[in-house]
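What's counted below: heavy atoms across the whole structure, side chains too, no hydrogens, waters or symmetry copies. In what follows, chains carry the letters A, B, and so on, assigned in the order in which the sequence lines appear, proteins first and then strands, with residues in each chain numbered from 1.
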Amino acid sequence: MNIFVARLNFKTSQEDLEAAFAKFGQVSSAKIVKDRDTGRSKGFGFVEMATDEEGNKAIAALNETELDGRTIVVKPANPKGNN
DNA sequence: GCTGAGCGA
């Protein structure tokens, strides 16, 4: 399940995300959206959970919670669906 | 070095 995580701390890394989500479920993959040129964090990222049930409970558990000192927003991500 | 709504290369 793809999960959209926003309002992250600019210091938060991908391993921080997967570590936070791994506490509530199995994280298949985690990625922080960074700038293509500078490589700085855009402040949001995506977390892919192994199953939707773990994804939903991870969202409910981490949504509007504190991560790295900042309150994050966790919600289902939108399909890319554009080729 | 910085900011703070929003959906990735």
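- Contacts between residues 11-34 of chain A and DNA chain B, defined by a heavy-atom separation below 4.0 Å, involve A:Lys31, A:Val33, A:Lys34, listed by number.
- With a 4.5 Å cut-off on side-chain heavy atoms, A:Arg7 and A:Thr71 do not count as touching.
- Between the side chain of A:Glu54 and the main chain of A:Gln26, a donor-acceptor pair closer than 3.5 Å is present.
- The side-chain heavy atoms of A:Asn9 and A:Leu67, taken from C-beta on, include no pair separated by under 4.5 Å.
- Hydrophobic clustering keeps A:Phe44 apart from A:Val5 (ILVMFWY residues linked when any side-chain heavy atoms are closer than 4.5 Å, directly or through intermediates).
- When side chains are defined from C-beta on, A:Arg40 does not count as touching A:Phe10, because their heavy atoms never get closer than 4.5 Å.
- Under a 3.5 Å cut-off, the side chain of A:Asn56 and the backbone N or O of A:Asp52 do form a donor-acceptor pair.
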What does the list of N/O pairs under 3.5 Å between the protein and nucleotides 2-5 of chain B look like, with a distance for each?
{"from": "B:dC2", "atom 1": "N4", "to": "A:Arg40", "atom 2": "NH1", "distance (Å)": "3.3"}
{"from": "B:dG4", "atom 1": "N1", "to": "A:Leu8", "atom 2": "O", "distance (Å)": "2.4"}
{"from": "B:dG4", "atom 1": "N2", "to": "A:Leu8", "atom 2": "N", "distance (Å)": "3.2"}
{"from": "B:dG4", "atom 1": "N2", "to": "A:Leu8", "atom 2": "O", "distance (Å)": "3.0"}
{"from": "B:dG4", "atom 1": "N2", "to": "A:Gly43", "atom 2": "O", "distance (Å)": "2.8"}

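- Formation of a donor-acceptor pair under 3.5 Å by the A:Lys57 side chain with backbone atoms of A:Phe24 is found in this model.
- Partners of A:Phe46 according to the ring-ring contact (aromatic ring centres under 6.0 Å, His included) rule, which considers only residues two or more places apart in sequence or in another chain, are A:Phe4.
- At a threshold of 4.5 Å between non-hydrogen side-chain atoms, the residues A:Pro76 and A:Met1 count as touching.
- Listed in residue order, the members of residues 53-68 of chain A having a heavy atom less than 4.0 Å from DNA chain B come to none.
- Identified under the salt bridge (charged side-chain N to carboxylate O under 4.0 Å, His left out) test for residues 22-35 of chain A, with sequence neighbours left out: none.
- In this structure, A:Phe4 does not pack face-to-face on the six-membered ring of B:dG6, missing the 5.5 Å centre cutoff or the 30° plane limit.
- In this structure, the side chain of A:Asn63 does not engage the main chain of A:Val73 through any donor-acceptor pair within 3.5 Å.
- Taking the side chain as every heavy atom from C-beta outward, A:Leu17 and A:Ile32 approach each other to under 4.5 Å.
- Residues A:Lys11 and A:Asp68 meet the side-chain proximity criterion, which asks for heavy atoms closer than 4.5 Å.
- Taking atom CG on A:Asp35 and atom P on B:dG1, their separation rounds to 14 Å, with Å as the unit.
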* Asked: How does DNA chain B look in dot-bracket notation if pairs are Watson-Crick or G-U with both distances under 3.5 Å, crossing ones as [ ], other-strand ones as |?
  -> .........
